[in-house]
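To start, the structure under review is shown below, and the notes come after it.
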Amino acid sequence: MLDDNNDTAWIKQGHIGRSKTYRIPASVNIEGVCFTVTSVELGAYNRPRTLRHLIFPDTIEYIDEDEFSNLPNLRSVHIGKGVQYLNNWHFRCCPMLHTITIDKQNPYLRVQDGLVLTQDGTTLLRSLFRRRELIIPEGVKYVEKVAFWYDDKLESVTFPSSLREIGDSSFLDIPNLKRLVIPEGSEEQIVPCFNGYENLELLIHRKSSTIARPCATR
């Protein structure tokens with residue numbers, strides 16, 4: 001699809017075939033006019049099952065969150081400096097995916113300790129991989145919706161004192177979750193987000209000590 005007003009294009013239908021490594025094109029030339037490719041839309045590539053490594057150029061600003069899901073052999077993704085947003089729905093159900101890199105010059109996103117954050121560090125968008133212990137860094141104020149939805153490895157979550165809000169379904173269906181570590185005074189804010197979990201240990205963190213309390217369950 002083309003936008004003649006600013007010479008940009010977005011991919012509605014492309015072809016990866018049986019390629020193991022694929023780089024999204026940064027531009028297309030049509031009838032002598034060069035169009036910059038800025039987004040990848042739903043249905044563009046039809047779930048290429050042999051794809052292992054996917055590279056987004058710096059021109060890409062938007063990726064439909066359902067476009068590259070359910071890819072059984074996808075192992076790595078590189079995000080250029082133009083992509084403005086990612087969440088846990090991007091690249092979901094890709095069991096072999098173990099590496100997501102983001103260009104260091106990306107002004108919107110960054111990676112810290114295996115987590116994808118907004119560049120200012122205030123919003124936690126997703127993890128790069130599944131882990132047993134999640135420690136949310138100090139400075140994070142908001143956990144994005146569905147950020148850890150159905151993370152079947154996660155057992156323990158430690159929250160920072162800076163946290164202000166947990167998005168809808170951020171921690172929905174975490175079958176092996178056993179422990180929450182939260183700052184003193186944050187119980188009423190955090191614990192209700194985990195109603196329905198049985199036998200969940202709650203640790204209240206003080207500056208001088210950590211104490212254990214029973215956690216509210218269904």
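Keep in mind that what you see is a predicted model, and the values were worked out from it rather than measured.
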Exercise. From K141 NZ over to I166 CD1, what is the distance, rounded to the nearest 0.5 angstrom?
Worked result: 16.0 Å
Exercise. Are the side chain of T36 and the backbone of S27 linked by a donor-acceptor contact shorter than 3.5 Å?
Worked result: no
Exercise. Between G167 and S170, which heavy-atom pair has the shortest distance, and what is it?
Worked result: O-OG, 2.7 Å
Exercise. Do the side chain of Q189 and the main chain of R164 share a donor and acceptor less than 3.5 angstrom apart?
Worked result: yes
Exercise. Does Y150 belong to the same Ile/Leu/Val/Met/Phe/Trp/Tyr cluster as L71, with side-chain heavy atoms less than 4.5 Å apart forming each link?
Worked result: no
For this session: May I ask you to decide if the ring planes of W89 and W149 are parallel, tilted or perpendicular, using 30° and 60° as cut-offs?
Result: tilted
Problem set entry | Check: T59 side chain, V37 main-chain N or O, donor-acceptor pair, under 3.5 Å | yes
Problem set entry | Gap between atom CG of N70 and atom SG of C93 - 0.5 Å precision | 4.5 Å
For this session: Report yes if some heavy atom in the side chain of D103 is under 4.5 Å from a heavy atom in the side chain of I79; otherwise report no.
Result: no
Problem set entry | Side chain to side chain, T101 and V111, heavy atoms closer than 4.5 Å | no
Exercise. Do V116 and I102 pass the side chain to side chain contact (heavy atoms under 4.5 Å, CB included) test, and can you show the C-alpha distance, the side-chain angles, and the key distance before you say yes or no?
Worked result: CA-CA 9 Å; V116 178; I102 298 175; 4.0 Å; yes
Problem set entry | Non-hydrogen side-chain atoms of V191 and I182 separated by less than 4.5 Å | yes
Problem set entry | Over 12 foreign heavy atoms within 6.0 Å of CG, N29 | yes
Seminar exercise, completed: Heavy-atom closest pair (I16 atom, P48 atom, distance to 0.1 Å) is CD1-CG, 3.6 Å
Problem set entry | Shared hydrophobic cluster for I63 and Y108 (ILVMFWY, side-chain gaps under 4.5 Å) | yes
Exercise. Between atom CZ of R23 and atom CG of L54, what is the distance when rounded to the nearest 0.5 Å?
Worked result: 10.5 Å
Problem set entry | Validation row: L202, V181 side chains within 4.5 angstrom (heavy atoms) | no
For this session: For atom CG of D113, decide whether the heavy atoms of other residues, nucleotides or ligands shown that lie under 6.0 angstrom number more than 12.
Result: no
Problem set entry | Co-membership, hydrophobic cluster, residues L172 and L180, 4.5 Å side-chain | no
Exercise. Can you name the one residue among R126, K145, R92, E65 that meets side-chain hydrogen bond (donor to acceptor under 3.5 Å, both in side chains) with N87?
Worked result: E65
Problem set entry | Heavy-atom side-chain contact between L117 and L109 under 4.5 Å | no
For this session: List the steps, then state whether side chain to side chain contact (heavy atoms under 4.5 Å, CB included) holds for I11 with I24.
Result: CA-CA 9 Å; I11 299 175; I24 305 292; 3.6 Å; yes
Exercise. Minimum heavy-atom separation for E138 to P160, with atom names?
Worked result: OE1-CB, 3.5 Å
Problem set entry | Trace of the side chain to side chain contact (heavy atoms under 4.5 Å, CB included) decision for L51 with K20 | CA-CA 4 Å; L51 184 65; K20 293 182 178 180; over 6 Å; no
Exercise. How close do P175 and D173 get, heavy atom to heavy atom, and via which atoms?
Worked result: CD-O, 3.2 Å
Exercise. Is a side-chain N or O of R52 found less than 3.5 angstrom from the main chain of T21, in a donor-acceptor match?
Worked result: no
Exercise. Which value, rounded to the nearest 0.5 Å, describes the distance between I100 atom CD1 and H90 atom NE2?
Worked result: 10.0 Å
Exercise. Would E61 and S39 count as a side-chain hydrogen bond (donor to acceptor under 3.5 Å, both in side chains) if you check the C-alpha gap in whole Å, the side-chain angles of each, and the deciding distance to 0.1 Å?
Worked result: CA-CA 6 Å; E61 300 173 357; S39 71; over 6 Å; no
Exercise. Side-chain heavy atoms under 4.5 angstrom apart, residues restricted to Ile, Leu, Val, Met, Phe, Trp, Tyr: same cluster for Y85 and Y62?
Worked result: no
Exercise. Under the 3.5 angstrom rule, does the side chain of D58 hit a backbone N or O of K81 as a donor-acceptor pair?
Worked result: yes
Problem set entry | Nearest non-hydrogen partners of S156 and L177, listed with the distance | N-CD1, 4.1 Å
Problem set entry | Parallel, tilted or perpendicular: rings of F171 and F194 (30°, 60°) | tilted
For this session: Mark yes or no for whether T158, through its side chain, and I135, through its backbone, hold a donor-acceptor pair below 3.5 Å.
Result: no
For this session: Find out if a path of hydrophobic residues (ILVMFWY) with successive side-chain heavy-atom gaps under 4.5 Å connects L86 to Y142.
Result: no
Exercise. For L124 and A147, which heavy atoms make the closest approach, and how far apart are they?
Worked result: O-CB, 4.5 Å
For this session: Determine, using ring centers only, whether Y22 and Y45 are less than 6.0 Å apart.
Result: yes
For this session: Please answer whether the main-chain N or O of D152 pairs with a side-chain N or O of N176 as donor and acceptor at a distance below 3.5 Å.
Result: yes
Problem set entry | SB check R131 D151 (cutoff 4.0 Å) | no
For this session: Show the numbers, then the answer: is there a side chain to side chain contact (heavy atoms under 4.5 Å, CB included) between K178 and E201?
Result: CA-CA 6 Å; K178 300 173 182 176; E201 179 184 18; over 6 Å; no
For this session: Would you check if there is a donor-acceptor pair between the side chains of Q119 and N106 at a distance under 3.5 Å?
Result: no
Seminar exercise, completed: Rounded to the nearest 0.5 angstrom, the OG-NE2 distance for S76 and H53 is 5.0 Å
Problem set entry | Heavy-atom side-chain proximity of L134 to L115 below 4.5 angstrom | yes
Exercise. Do E184 and S186 have side-chain atoms, one donor and one acceptor, less than 3.5 Å apart?
Worked result: no
Problem set entry | Test item: R179 and E155 side chains (from C-beta on) under 4.5 Å apart, heavy atoms | no
Problem set entry | Pairwise side-chain contact, L154 with R132, heavy-atom cut-off 4.5 Å (strictly under) | no
Problem set entry | T123 side, atom OG1; E144 side, atom CD - distance, nearest 0.5 Å | 7.0 Å
